[in-house]
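Contents: one structure, followed by commentary.
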Amino acid sequence: MDLDAPHSMGTTIIGVTYNGGVVLGADSRTSTGMYVANRASDKITQLTDNVYLCRSGSAADSQIVSDYVRHFLHQHTIQLGQPSTVKVAANLIRLFSYNNKDMLQTGLIVGGWDKYEGGKIYGVPLGGTILDLPFTIGGSGSSYLYGFFDQAWKEGMTQSEAEQLVVKAVSLAIARDGASGGVVRTVTVSSFSL
């Protein structure tokens with residue numbers, strides 16, 4: 001057995017906007033190659049009361065990014081006396097990911113709601129770029145979902161439609177992607193949830 005051989009770290013993460021907020025979803029399997037290290041992990045991390053992060057790639061890398069960004073957002077909130085915006089959180093993640101792009105193996109989705117822009121989703125893939133999108137998918141399961149999202153996603157969805165779309169999409173990825181599995185976890189963030 002070659003312990004230095006590259007291994008896949010699979011997952012499925014999704015962020016979708018709807019009229020009034022965002023829905024984030026992820027599977028719960030943490031794997032390293034063919035070995036399932038944890039079948040019930042939580043890949044959606046709360047950064048602030050109004051901002052969440054979906055993590056894919058190296059669990060250690062994504063956890064350290066989320067820990068650092070949570071700390072900086074807490075300091076930011078204390079200094080300004082008001083909650084951080086989703087854009088500020090996404091830019092901190094982008095900055096951290098870009099400055100450490102040679103060492104980090106993680107793709108992230110930032111989603112949340114703030115009083116300035118409402119529900120927002122940002123993708124921060126490997127390398128640390130930032131993408132402002134109405135929906136985004138990531139992880140190894142995402143390759144099975146692009147055609148599905150082209151057909152199923154629409155502008156102006158209700159909260160219920162967005163939640164159903166996220167659950168169905170993660171379920172479809174779990175059925176096709178051997179590295180995604182477990183249960184479907186979701187978080188809905190809107191002005192009503194704060």
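When side chains are defined from C-beta on, Leu131 counts as touching Pro125, because their heavy atoms get closer than 4.5 Å. Within the 4.5 Å cutoff, the side chain of Val86 has heavy atoms near those of the Val110 side chain. At a threshold of 4.5 Å between non-hydrogen side-chain atoms, the residues Ile121 and Leu24 count as touching. With a 4.5 Å cut-off on side-chain heavy atoms, Leu108 and Ser62 count as touching. Looking only at side-chain heavy atoms (C-beta outward), Tyr18 and Thr188 come within less than 4.5 Å of each other. Taking the side chain as every heavy atom from C-beta outward, Pro134 and Trp153 approach each other to under 4.5 Å. In this structure, Gln105 and Leu126 have side chains that are in contact, with non-hydrogen atoms separated by less than 4.5 Å. No side-chain heavy atom of Leu172 sits less than 4.5 Å from a side-chain heavy atom of Arg176.
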Run the numbers on Ile14 and Leu145 for side-chain contact (heavy atoms from CB on, under 4.5 Å), then give the verdict.
CA-CA 10 Å; Ile14 297 172; Leu145 297 176; 3.9 Å; yes
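Nearest approach of Leu73 to Ala89, heavy atoms of both residues: CD1-CB, 3.7 Å. The nearest pair of heavy atoms linking Val124 to Ser97 is CG1-OG, 4.0 Å. In terms of heavy atoms, Ser180 sits closest to Ala173 at CB-O, 4.3 Å. Between Gly20 and Ser190, the closest heavy-atom pair is O-CB, 3.2 Å.
Proximity of a side-chain donor or acceptor of Arg29 to a complementary backbone N or O of Thr12 within less than 3.5 Å is not detected. Listed for the Thr136 side chain is no donor-acceptor partner under 3.5 Å among the backbone atoms of Gly15.
Remark: Lys120 engages Glu117, Asp132 in a salt bridge (charged side-chain N to carboxylate O under 4.0 Å, His left out) (not counting sequence neighbours).
Cluster membership for Val16 and Tyr146, using ILVMFWY side-chain heavy atoms within less than 4.5 angstrom, is shared. Val22 and Val88 are members of different hydrophobic clusters when ILVMFWY side chains are connected at heavy-atom separations under 4.5 Å.
Note: Ser140 OG to Asp177 CG = 3.5 Å, rounded to the nearest 0.5 Å. Atom CZ of Phe148 sits about 10.0 Å away from atom CD1 of Ile137, to the nearest 0.5 Å.
For residues 37-48, every residue pair satisfying the side-chain hydrogen bond (donor to acceptor under 3.5 Å, both in side chains) rule, not counting sequence neighbours, is listed here: Thr11-Lys43, Asp27-Lys43, Thr30-Ser41, Thr45-Arg55, Gln46-Tyr52, Thr48-Asn50.
In the displayed structure, Glu155 atom CD is contacted under 6.0 Å by at most 12 heavy atoms of other residues, nucleotides or ligands.
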